K.L.:
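Attaching a single structure in structure tokens format; questions to follow.
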Amino acid sequence: MAEADLKTKITQLQMATEKSDAILNGNKKRAIARHGESLKETIAAVNKLRLTVEAEKISKGTSAEEIEEWNKTVENTMEKADGMVEILEQWLDEQDARKEKIQLKEKAEREEIEREKQLQFELKLHEAKVKLQSEITPEVSVHTSGSKQNIEVKLQKLHITKFNEIYSANIQSVDGKFNMEIELSKVHKPQLLMINNPNFKELCETYTHLEGVKVNEDPANRDQIPIHIVLGASEYAAVKTRTAQKVRQPGQPVAERTLLGCVVSSIININYGPRGSKQDGDIDATVRLCSVRDY
């Protein structure tokens, strides 16, 4: 009985194996996956019946040589089916890889479109800021209380006129996606001022919240860094973005993204009184350490 069942299953397996090429040519993923599973189930059924018939032959006293020759015939049929299963699975893997590649490409295209929309939004925001800034008029109010004077100033777009040489210039962001027109007043000095080297690399290593901030060059071998251009408050307001600042504890450096790149700021204390004293002249100032790459 088992031997008859085995012959039926072997015939079924051979027919399914021969049918595989036609199913592959149909290029229908579900049909190919279903056929592959059917082949594997039939192979398993043939192998189970083979072991049963083999046991019956042994119990009947069939010689080992005859059993071995019989086994080779059955195993050849199973090996052909195994090979076809591998071909079917390879086709399915290639289809999955192709689909994943297309999905990744579509995702990258969507992200690029979103980045372009964000850039256009920020450019429009910049234009609106410039227009608004040009309409602002200076407003100064002085409040006197005892020996103290509190002065409140609303910043406006400043045009420096005490220098005779004023030039139009264009500054561009690191990635080249943004530029803005500015006016430069020439100062007859090699540089406007010098600041102590903040050592950006050490700064970013010390404060972990600055991770990802990069600079164009590492001036670690210089004690001081020259400043050649200073942007006014109106220009700085025009390049600010809505990107959240990288900030940790009060008093620690803060990284902020602008349309031109990244700015690192730190709070310092300036004392106008005698050395070692603390007077009402003490103020807080923000030093822009001028890192110009996006984080």
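These numbers come from a predicted model, not from an experiment.
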K.L.:
Identify the heavy atoms of Thr17 and Ala81 that sit nearest to each other, and give their distance.
P.N.:
OG1-CB, 3.6 Å
K.L.:
State plainly whether one hydrophobic cluster holds both Met180 and Leu125, where clusters connect Ile, Leu, Val, Met, Phe, Trp and Tyr through side-chain heavy atoms under 4.5 angstrom apart.
P.N.:
no
K.L.:
Find out whether Gln90 and Glu86 are in side-chain contact, i.e. whether some heavy atom of one side chain is under 4.5 Å from a heavy atom of the other.
P.N.:
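Side chain of Gln90 against side chain of Glu86, heavy atoms only: no contact under 4.5 Å found.
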K.L.:
Quick one: salt bridge (charged side-chain N to carboxylate O under 4.0 Å, His left out) partners of Glu37, sequence neighbours excluded?
P.N.:
Lys40
K.L.:
Can you tell if the side chain of Leu39 reaches within under 4.5 Å of the side chain of His35, non-hydrogen atoms only?
P.N.:
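Side chain of Leu39 against side chain of His35, heavy atoms only: contact under 4.5 Å found.
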K.L.:
Could you tell me which residues satisfy side-chain hydrogen bond (donor to acceptor under 3.5 Å, both in side chains) with Gln118, sequence neighbours excluded, listed by chain and number?
P.N.:
Glu122
K.L.:
Just by modelled atom types, is the Arg257 backbone N or O under 3.5 Å from a matching donor or acceptor in the Thr241 side chain?
P.N.:
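Yes, because the side chain of Thr241 sits within donor-acceptor range (under 3.5 Å) of the backbone of Arg257.
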K.L.:
Going from OG1 on Thr77 to CG on Asp82, what distance comes out if it is rounded to the nearest 0.5 angstrom?
P.N.:
11.0 Å
K.L.:
Supply the atom-to-atom distance Asn179 CG to Asn170 CG, rounded to the nearest 0.5 angstrom.
P.N.:
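Rounded to the nearest 0.5 Å, the CG-CG separation comes out at 4.5 Å.
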K.L.:
Just how far is it from atom NE2 of His126 to atom CG of Leu119, taken to the nearest 0.5 Å?
P.N.:
11.5 Å
K.L.:
Check whether Val85 and Ile87 end up in the same hydrophobic cluster, where Ile, Leu, Val, Met, Phe, Trp and Tyr are linked by side-chain heavy atoms less than 4.5 Å apart.
P.N.:
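Linked within one cluster.
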K.L.:
Do the non-hydrogen side-chain atoms of Glu181 and Ile171 ever get within less than 4.5 Å of each other?
P.N.:
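Not in contact.
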K.L.:
In sequence, state the C-alpha distance, the side-chain angles, and the governing distance for Lys117 and Gln120, and then conclude on side chain to side chain donor-acceptor pair (under 3.5 Å).
P.N.:
CA-CA 5 Å; Lys117 287 182 179 179; Gln120 292 300 323; over 6 Å; no
K.L.:
With a 4.0 Å cut-off on N to O distance, would you call Lys57 and Glu66 a salt bridge?
P.N.:
no
K.L.:
Among the clusters formed by ILVMFWY side chains lying less than 4.5 Å apart, do Leu51 and Leu6 turn up in the same one?
P.N.:
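No, no single cluster joins them.
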K.L.:
More than 12 heavy atoms of other residues, nucleotides or ligands under 6.0 Å from CD of Glu100: yes or no?
P.N.:
no
K.L.:
Do the side chain of Ser38 and the main chain of Arg34 share a donor and acceptor less than 3.5 angstrom apart?
P.N.:
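Pair absent, no side-chain N/O of Ser38 close to backbone of Arg34.
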K.L.:
Are side-chain heavy atoms of Lys72 and Glu68 found at a separation under 4.5 Å?
P.N.:
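With C-beta onward as the side chain, the pair touches.
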K.L.:
Would you check if Ile113 and Arg110 make a side-chain contact, meaning some heavy-atom pair closer than 4.5 Å?
P.N.:
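Side-chain contact under 4.5 Å: no.
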K.L.:
With no hydrogens and no angle check, is any side-chain donor or acceptor of Thr62 less than 3.5 Å from a backbone partner on Ile58?
P.N.:
no
K.L.:
Output the distance between atom CZ (Phe178) and atom CG (Leu123), rounded to the nearest 0.5 Å.
P.N.:
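It is 6.5 Å, given to the nearest 0.5 Å.
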K.L.:
When you look at Lys29 and Asp96, which way does the salt bridge (Lys or Arg N to Asp or Glu O under 4.0 Å) test go after all the steps?
P.N.:
CA-CA 10 Å; Lys29 184 177 180 180; Asp96 289 340; 2.7 Å; yes
K.L.:
Are any of the side-chain heavy atoms of Arg50 and Glu75 separated by less than 4.5 Å?
P.N.:
yes
K.L.:
Is the closest basic N to carboxylate O distance between Asp5 and Lys48 below 4.0 Å?
P.N.:
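Here Asp5 does not pair with Lys48 in a salt bridge, since their nearest N and O are not under 4.0 Å apart.
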K.L.:
Do the charged groups of Glu112 and Arg115 touch, with an N to O distance under 4.0 Å?
P.N.:
yes
K.L.:
With distance as the sole test, does Asn47 use its side chain to make a donor-acceptor pair with the main-chain N or O of Ile43 at under 3.5 Å?
P.N.:
no
K.L.:
Is there a path of hydrophobic side-chain contacts, each under 4.5 Å between heavy atoms of I, L, V, M, F, W or Y residues, that connects Ile67 with Val53?
P.N.:
no
